[in-house]
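If you're wondering where the values come from, they're calculated on a predicted model, not measured in any experiment.
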Amino acid sequence: MSLLVNAFDGLAFGALLFVLAVGLTLIYGMLDVLNLAHGALYMAGGYVAFLLLGGASVGLGMWAGAALLVAALGVALGGVLSAAILPLRGRGHLDQALLTLGLAILLSEFLLGVVDRGFHTLPPPGGLDGSVLGSYPVYRVAVIAAGLVIGAIVYWVFERTRAGALVRAAVDDPGMLAAIGVDVARVRLSVMLAGCGLATFAGVLGLPLLNLRAGLDSEVLVLALIVIVIGGLASIRGAVVGALLVGQVQTVGVSLVPELAAYLLFAVMAAVLLWNPSGMFGRAG
């Protein structure tokens with residue numbers, strides 16, 4: 001029974017990781033922008049929601065309102081980040097990494113200065129604070145459902161709509177897209193804004209699951225990078241599978257072999273890369 005509970009916990013954690021990582025895979029895989037501030041955006045979403053809700057249990061409506069405000073904040077931060085990265089376009093990933101890492105440190109230190117460096121969490125909203133099947137938290141089931149809904153929406157937008165076709169064209173042949181009159185810069189900006197908005201929204205979603213604390217930004221960034229390396233760049237399907245796999249390794253795997261906890265994720269990532277250097281669903285080159 002405990003193994004089954006761990007498996008469901010892995011699904012919930014994987015769903016949270018997907019919401020975070022799908023934004024990063026869109027930004028990195030489709031825009032070729034190495035955004036090391038993605039973890040800090042997650043952290044910002046959590047801290048801002050914590051401040052908005054006063055650190056107390058609230059109703060579902062208030063929680064949803066705070067989540068929408070935080071997602072809007074992420075979109076705004078995405079605009080700032082895009083403007084900061086624009087002069088570095090074409091100068092390689094190292095310059096992007098240094099810039100976004102510096103911005104991440106500034107943002108995380110600002111947040112820790114506004115609140116403090118201790119541990120903070122938030123109880124689930126009213127209506128999602130109970131349990132099902134005896135003792136399993138309803139909120140974790142809701143996180144799984146939220147991941148499924150967001151995954152379906154993202155997949156539909158990028159794989160089944162004209163907007164998604166424009167994004168894919170902006171990746172494969174931006175010159176041709178510009179030649180037919182499409183503003184490629186606006187298309188790229190829309191992906192950046194969507195990815196950053198998903199990152200801050202994930203910070204709200206993860207409030208009852210992961211304690212807010214110093215260093216959380218680095219932890220979730222590493223996990224998100226592992227997800228997209230395993231799944232493959234620019235692959236929404238890869239982000240789903242990678243997130244679910246990482247979630248299971250982090251919960252079921254660690255509970256079964258805790259002495260190998262520090263190595264399990266990297267062992268899985270290495271095995272996938274040995275099998276396919278582009279990840280499970282990544283495209284070569």
Side-chain angles (χ1 to χ4, degrees), residues 17 19-48 70-115 117 167 170-172 174-175 177-178 183-204 206 212-235 238-239 242 269 279 282 285:
L17 284 179
V19 177
L20 174 67
V22 72
L24 184 58
T25 198
L26 292 175
I27 294 171
Y28 188 21
M30 293 187 173
L31 304 186
D32 197 32
V33 172
L34 183 54
N35 178 25
L36 296 186
H38 209 71
L41 291 172
Y42 172 95
M43 190 172 170
Y47 272 111
V48 171
V70 168
L73 172 65
V75 171
L77 291 174
V80 173
L81 190 62
S82 182
I85 293 174
L86 186 61
L88 303 182
R89 192 174 302 282
R91 287 176 55 178
H93 289 148
L94 179 59
D95 289 342
Q96 296 174 0
L98 291 174
L99 173 64
T100 54
L101 181 60
L103 293 174
I105 293 172
L106 287 174
L107 180 57
S108 62
E109 288 300 317
F110 171 75
L111 293 168
L112 293 172
V114 170
V115 188
R117 308 184 81 87
V167 171
V171 175
D172 295 332
L177 193 63
D183 188 341
V184 177
R186 181 174 295 180
V187 174
R188 295 173 65 90
L189 176 62
S190 66
V191 176
M192 174 68 81
L193 299 184
C196 293
L198 284 170
T200 53
F201 179 79
V204 184
L212 294 171
R213 60 191 182 278
L216 178 63
D217 53 335
S218 300
E219 294 177 24
V220 297
L221 175 63
V222 169
L223 290 173
L225 288 172
I226 291 174
V227 167
I228 66 172
V229 168
I230 289 175
L233 293 181
S235 172
M269 182 173 68

If you take all heavy atoms of [X] and [Y], which pair is closest and at what distance?
{"X": "Gly45", "Y": "Val204", "answer": "O-CG2, 3.7 Å"}
{"X": "Tyr47", "Y": "Ala214", "answer": "OH-N, 4.5 Å"}
{"X": "Leu223", "Y": "Leu17", "answer": "CB-CD2, 3.9 Å"}
{"X": "Thr25", "Y": "Ala234", "answer": "OG1-N, 3.1 Å"}
{"X": "Ala199", "Y": "Leu41", "answer": "CB-CB, 3.9 Å"}
{"X": "Val33", "Y": "Gln96", "answer": "CA-OE1, 3.3 Å"}

Could you state the interatomic distance from CD1 (Ile105) to CG (Asp217), rounded to the nearest 0.5 Å?
8.5 Å
Please round to the nearest 0.5 Å and tell me the distance separating atom OG of Ser190 and atom CG of Leu26.
10.0 Å
If the condition is side chain to side chain donor-acceptor pair (under 3.5 Å), which residues does Arg188 pass it with, not counting sequence neighbours?
none
Among residues at least two apart in sequence or on other chains, which ones pass side chain to side chain donor-acceptor pair (under 3.5 Å) with Asp95?
Arg91
Ignoring hydrogens and geometry, is there a side-chain-to-backbone donor-acceptor pair from [X] to [Y] under 3.5 Å?
{"X": "Thr100", "Y": "Asn35", "answer": "no"}
{"X": "Ser108", "Y": "Ala40", "answer": "no"}
{"X": "His38", "Y": "Leu20", "answer": "yes"}

When you compare the side chain of [Y] with that of [X], does any pair of heavy atoms fall below 4.5 Å?
{"X": "Tyr28", "Y": "His93", "answer": "yes"}
{"X": "Leu77", "Y": "Cys196", "answer": "no"}
{"X": "Met43", "Y": "Arg213", "answer": "no"}

Can you list every pair that meets salt bridge (Lys or Arg N to Asp or Glu O under 4.0 Å) and has a residue in residues 35-45, with sequence neighbours left out?
none
